[in-house]
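Notes follow once the structure below has been shown.
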Amino acid sequence: MQHPKGLYLLFVTEMAERFSYYGMRALFVLYLVAAFYSNDDASEIYGSYTGLVYLTPLLGGYIADRYWGNRRSIIAGGLMMSVGQFLMFASACFVNQSIFERGGQIDATVDNRLSLWLMFAGLAALIIGNGFFKPNISTMVGDLYEADDHRKDSAFTIFYMGINLGALVAPLICGPLGKGDWSNPDGFKWGFFAAGCAMVVSVAVFVLLKNRYLVTPDGKQIGTTAHQVPRSSGNVERQGTERKGHGRLSTILCIILGAVLMYAFSYNADDYNDYISAAIYAVSIALPVFIITDAGLTVDEKKRICVIYIIALFVIFFWSAFEQAGSSLTIFADKQCDRHIGGWEMPTTWFQSINPIVVVLFAPVMAVFWEMLQKRGVHVHSITKQSLGLTLLALGYLVIAYGTYGVDSSVKISMWWLCALYFIHTLGELSLSPIGLSLVTKLSPARMASLLMGVWFMSNAASNILAGKLATLLPIEGEPNDSIFGIEISTLSDFFLVFAVMAGVASLFLALITPWLKRMIGEGKHNI
């Protein structure tokens, strides 16, 4: 089936941006541990960073919907992320080189403040820039098609392949450039520099080709203005209510709710990571309440938005386990996996490429599989696919829990167990993530499309914060064991079983409520 050429422009733009993000991510935790922090502190900072990366799309989506439109938001966000990556490069340039000469052993007498502040400035620019870029480019994929176009799911699968091509290549290039170890006197900086260059390419490609290819089937430019109404019908009946919006009382009540939640979540906060976590959790509850109380929404729209919220809640369980790849699983690969193949040792950063390799190879297989079932009269609902994704996630952790059973934390295990986990998890991701993006565009009212895409990414924000907290449970030799719900996590197998149980229970519960969610969406929505 043919797709609009604009899809492939967005594919390339997102691919370059994801190269930038994943190239930096492959080095980030290793950089933190090498120059600034302990393993636990680095995992929490990583969680705070990725959590904020997925929270700011709410702001970017709101500004795009109300003021800027998608295109302007994407360009502004891309430029800001370019600045952020080059600030990370500058940070690595100014790290005191004696850190690397001592093999990464941190000394309190070494002054790394300039490097640290440059790093935090870079992270801030990346966080804000991503907020403008991420929700708007995903929304534009949906805008290329009519609302009921059956090609939309496959379009998002193709788009998702672009994401993962960038993620695949990034660790292979940025990892060796930065080396990501303590033996390299230039430590990390060229990896960050390559990530910045990729972001410049992303913006340049988009700016040069947007007017030519980002058009509707009837030739109209998309993403140029705010309040874009879709080309399909179905909005006529609410024309008189679109401008009602929020009353002053509902706005004040939602602000109060956010403040109360912020206070409650930060009551026992110890450091700034805890305050960031509290802010993300508070916004994750208060803002959806604010959106759903919009007086311009019809009853059917509110039901469909509620379905987005409920599925986003379950996605939190998926990503909080899946995103261990950037923190605890990176540390596990570096410290406790035998990475030798013959006389060659596989770089730790290369494990980050397993996931996108599997996505690129198996995304077409999965798309053909769903299409084959459809042709045979077996319609697998989008929500059922979300449940399947959680099941596969649980299975991946069961596999590695078995592989590490009875193994002391000081013993290195075969890296093939970790490769198996990444393979199974990626199949789960293909069942959940691109289908979820497509589902949001199908269920969202047009005037809130980017904002609700931001809500979808907000589930990633909460899950990344949770992922950072859960990563600290990883048993480290010589350090006291942590516990969860009163259960001590003393072995690697215990650690992995936590995620297997969490994902398995979430999958079962989502499967049980799926019939009810289908009724909320409405009968006859067979393309969902």
Side-chain angles (χ1 to χ4, degrees), residues 1-19 61 64-65 68-75 77-78 132-166 201-235 359-360 363-368 370-371 374 382 430 433-450 452-453 456 525-528:
M1 65 182 70
Q2 289 189 339
H3 289 276
K5 292 181 179 179
L7 173 64
Y8 301 102
L9 169 58
L10 297 175
F11 175 103
V12 173
T13 303
E14 178 72 355
M15 180 177 67
E17 185 276 328
R18 288 291 89 182
F19 177 100
D65 283 340
W68 284 4
N70 299 132
R71 295 188 183 194
R72 205 179 311 174
S73 298
I74 289 170
I75 295 169
F132 287 104
F133 191 99
K134 190 72 174 172
N136 292 294
I137 196 165
S138 299
T139 301
M140 289 188 79
V141 174
D143 286 344
L144 290 168
Y145 301 85
E146 299 287 350
D148 57 353
D149 194 323
H150 70 280
R151 298 176 297 168
K152 192 175 282 192
D153 276 0
S154 62
F156 273 98
T157 301
I158 293 170
F159 178 70
Y160 205 70
M161 287 177 66
I163 292 173
N164 284 277
L165 275 173
V201 170
S202 176
V203 176
V205 168
F206 184 82
V207 169
L208 291 172
L209 300 176
K210 66 184 189 313
N211 292 334
R212 183 174 180 181
Y213 293 119
L214 295 179
V215 295
T216 66
D218 54 1
K220 295 180 181 178
Q221 298 284 323
I222 63 171
T224 56
T225 59
H227 290 299
Q228 230 178 345
V229 178
R231 296 166 296 287
S232 61
S233 59
N235 297 296
V359 168
V360 172
V365 176
M366 296 285 282
V368 169
W370 300 130
E371 191 68 26
Q374 186 76 33
S382 295
L430 285 170
S433 190
I435 306 302
L437 292 172
S438 179
L439 186 65
V440 173
T441 65
K442 292 172 182 176
L443 297 179
S444 299
R447 68 193 185 282
M448 293 182 171
S450 294
L452 286 168
M453 188 63 75
W456 179 258
K525 290 286 177 180
H526 300 300
N527 62 330
I528 293 177

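Between T441 and F156 there is a side-chain heavy-atom pair separated by less than 4.5 Å. Between V207 and I75 there is a side-chain heavy-atom pair separated by less than 4.5 Å. Side-chain contact between F206 and L214 is present, with at least one heavy-atom pair separated by less than 4.5 Å. Here the side chains of Y145 and P4 are in contact, with some heavy-atom distance below 4.5 Å.
Here the straight-line distance linking atom NZ of K210 with atom CG of N70 works out to 13.0 Å at 0.5 Å rounding. The distance from the OH atom of Y160 to the CG atom of L165 is 12.5 Å, given to the nearest 0.5 Å. Distance check, rounded to the nearest 0.5 Å: CZ of R72 to OG1 of T224 gives 9.0 Å. A distance of 5.0 Å separates CG of L439 from OG of S382, quoted to the nearest 0.5 Å.
Every residue meeting the side-chain hydrogen bond (donor to acceptor under 3.5 Å, both in side chains) condition with R71, not counting sequence neighbours, appears here in chain and number order: N211, Q221. For F132, the ring-ring contact (aromatic ring centres under 6.0 Å, His included) criterion is met by W68, not counting sequence neighbours. Partners of K134 according to the side-chain hydrogen bond (donor to acceptor under 3.5 Å, both in side chains) rule, which considers only residues two or more places apart in sequence or in another chain, are E14. The side-chain hydrogen bond (donor to acceptor under 3.5 Å, both in side chains) search around S438 returns D153, not counting sequence neighbours. With sequence neighbours left out, S202 forms a side-chain contact (heavy atoms from CB on, under 4.5 Å) with T13, A16, E17, F133, M199. When the side-chain contact (heavy atoms from CB on, under 4.5 Å) test is applied to I158, the partners found at least two apart in sequence or on another chain are H3, L7, Y8, F11.
Closest of all the heavy-atom pairs between L10 and L144 is CD1-CD1, 4.0 Å. P135 and T139 get closest at one heavy-atom pair: O-OG1, 2.7 Å.
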Working note: V12 + L209, criterion side chain to side chain contact (heavy atoms under 4.5 Å, CB included); need CA distance, chi angles, decisive distance, verdict. CA-CA 11 Å; V12 173; L209 300 176; over 6 Å; no
Trace of the side chain to side chain contact (heavy atoms under 4.5 Å, CB included) decision for L437 with M453: CA-CA 8 Å; L437 292 172; M453 188 63 75; 3.7 Å; yes
